[in-house]
Amino acid sequence: MPLISVLTAAHGDRADFLVEAGESLAAQVLPAGWEMEWVVQEDGEKPQLADAVTAFGFARHEAHGAALGAAATRNLALARVGGELLHVLDSDDLVVPNGLAVSIEAFRTRPWLHWVCGQADDLMPDGTRVPVSAMLPPGLIEPGMVSDHLTAYELPPIHPAGMTMRTLLTRAVGGWAGIPRNEDNSLLIAVTELSFGYLLPEVTWLHRKHEGQITTDDRSIPIWCRPHFWS
């Protein structure tokens with residue numbers, strides 16, 4: 001059966017959020033014939049998430065027992081995934097019930113696509129949802145469109161945490177860059193520069209807003225990730 005792998009890099013201080021992320025995956029209704037695995041890689045010297053993760057029968061947990069950071073943790077998880085499609089789920093975010101199915105259907109009807117990105121709602125601390133539209137219109141995204149927008153506005157026009165990609169492409173570009181922050185945007189740039197993608201009109205995930213976020217604006221991007229910095 002075709003398999004979609006959901007990849008999550010996690011840290012022990014976000015156990016409650018991680019359980020909610022798992023519950024959102026448990027609520028997924030996949031297209032007929034598809035299966036899902038949740039590959040969780042735990043960062044940090046004192047692993048503590050195994051019980052929370054393995055409570056979900058579709059999940060596989062591994063901890064490397066060292067503080068390696070987000071990029072290395074994601075790449076270690078990438079080495080473990082078995083699906084032909086790869087969905088990235090941050091440990092504090094949620095997938096809406098049909099989120100994975102909508103993305104899989106986009107690949108089925110457009111087999112030449114290499115990545116798909118869904119729209120997001122911000123999930124506020126009080127539980128309310130605030131729509132956040134991508135900066136590009138829904139539809140086909142040709143190679144270079146994302147980096148052109150980034151060069152012009154210094155902001156990525158879509159959010160990398162809403163992406164589903166072909167696993168082979170993710171590995172071919174080297175996964176996540178070993179930089180201090182915004183390693184997800186570096187992968188976004190590489191994937192969208194090389195391949196056709198599709199921006200869905202549907203909301204597929206919830207971007208949780210909370211005090212523990214690394215940045216107050218996850219769309220920010222450091223100068224070394226901007227295409228014109230290297231030109």
Count I, L, V, M, F, W, Y as connected when their side-chain heavy atoms are under 4.5 Å apart, and connections chain through other members. Are [X] and [Y] then in the same cluster?
X      : Y      : answer
Ile141 : Ile158 : yes
Val81  : Met165 : yes
Val203 : Leu100 : no
Val191 : Leu86  : yes
Val88  : Val39  : yes

*So Leu200 and Ser103, side chain to side chain contact (heavy atoms under 4.5 Å, CB included) or not? Walk me through it.*
CA-CA 8 Å; Leu200 296 166; Ser103 298; 3.8 Å; yes
*Does the pair Thr73 and Gln41 meet the rule for a side chain to side chain contact (heavy atoms under 4.5 Å, CB included), with working shown?*
CA-CA 6 Å; Thr73 301; Gln41 186 76 27; 3.6 Å; yes
With [X] via side-chain contact (heavy atoms from CB on, under 4.5 Å) - residues at least two apart:
X      : answer
Asn75  : Leu78, Trp176
Pro31  : Trp34, Ala101, Ile104
Pro138 : Gln119, Pro201
Ala190 : Val173

On a heavy-atom basis, which atom in [X] and which in [Y] lie closest, and how many Å separate them?
X      : Y      : answer
Ser195 : Leu169 : OG-CD2, 3.4 Å
Thr128 : Asp126 : OG1-OD1, 2.6 Å
Arg14  : Ser91  : CD-OG, 3.7 Å
Asp43  : Gly69  : OD2-N, 3.1 Å

*Evaluate whether atom CD of Glu202 has more than 12 neighbouring non-hydrogen atoms of other residues, nucleotides or ligands under 6.0 angstrom away.*
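More than 12 heavy atoms, drawn from other residues, nucleotides or ligands, come within 6.0 Å of this atom.
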*Taking only residues at least two apart or on different chains, which pairs with a member in residues 120-152 satisfy ring-ring contact (aromatic ring centres under 6.0 Å, His included)?*
His149-Tyr153
*What pairs of residues pass the ring-ring contact (aromatic ring centres under 6.0 Å, His included) test when at least one of them lies in residues 66-125, not counting sequence neighbours?*
none
What side-chain donor-acceptor pairs closer than 3.5 Å can you find for residues 46-59, not counting sequence neighbours?
residue	atom	partner	partner atom	Å
Thr54	OG1	Ala50	O	2.7

Side-chain donor-acceptor contact under 3.5 Å, [X] with [Y]:
X      : Y      : value
Glu42  : His11  : no
Glu193 : Ser147 : yes
Ser5   : Glu37  : yes

*asked:* With a 4.5 Å cut-off on side-chain heavy atoms, are Met163 and Leu188 touching?
replied: yes
Gap between atom [atom2] of [Y] and atom [atom1] of [X] - 0.5 Å precision:
X      : Y      : atom1 : atom2 : value
Leu7   : Ile4   : CG    : CD1   : 11.5 Å
Glu142 : Thr192 : CD    : OG1   : 12.5 Å
Leu85  : Met36  : CG    : CE    : 13.5 Å
Leu194 : Ile189 : CG    : CD1   : 11.5 Å

_Donor-acceptor contact below 3.5 Å, side chain Thr167 vs main chain Gly83_ =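 Indeed, once roles are kept as given, a pair shorter than 3.5 Å links the two residues.
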*Are the side chain of Arg166 and the backbone of Leu113 linked by a donor-acceptor contact shorter than 3.5 Å?*
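Judged by distance alone, yes, a pair lies under 3.5 Å.
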*Asp121 and side-chain contact (heavy atoms from CB on, under 4.5 Å): which partner among Leu206, Val96, Val132?*
Leu206
*Identified side-chain contact (heavy atoms from CB on, under 4.5 Å) counterpart of Leu25 within the set Thr8, Val6, Leu94*: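 Going through Thr8, Val6, Leu94 one by one, the side-chain contact (heavy atoms from CB on, under 4.5 Å) with Leu25 is satisfied by Val6 alone.
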*Residues in side-chain hydrogen bond (donor to acceptor under 3.5 Å, both in side chains) with Asp122, at least two apart?*
His207
*List for me each residue that meets side-chain hydrogen bond (donor to acceptor under 3.5 Å, both in side chains) alongside Arg74, sequence neighbours excluded, and say none if there are none.*
Asp90, Glu183
*Quick one: hydrophobic cluster around Leu68, which other residues, with the 4.5 Å side-chain cut-off, linked directly or via members?*
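Leu76, which link up through side-chain heavy atoms under 4.5 Å apart, make up the rest of the cluster.
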*In the hydrophobic clustering that connects Ile, Leu, Val, Met, Phe, Trp and Tyr at side-chain heavy-atom distances below 4.5 Å, which members other than Val130 occupy its cluster, ordered by chain and number?*
Met124
*Aromatic contact, His61 with Trp38 (centres under 6.0 Å)*: no
Compile the donor-acceptor pairs under 3.5 Å between side chains in residues 17-24 and protein atoms, sequence neighbours left out, one pair per line.
residue	atom	partner	partner atom	Å
Glu20	OE1	Arg208	NH2	2.9
Ser24	OG	Ala21	O	2.7
Ser24	OG	Val95	N	3.2

*Give the intermediate values and the outcome of side chain to side chain contact (heavy atoms under 4.5 Å, CB included) for residues His159 and Trp205.*
CA-CA 11 Å; His159 202 303; Trp205 65 291; 3.8 Å; yes
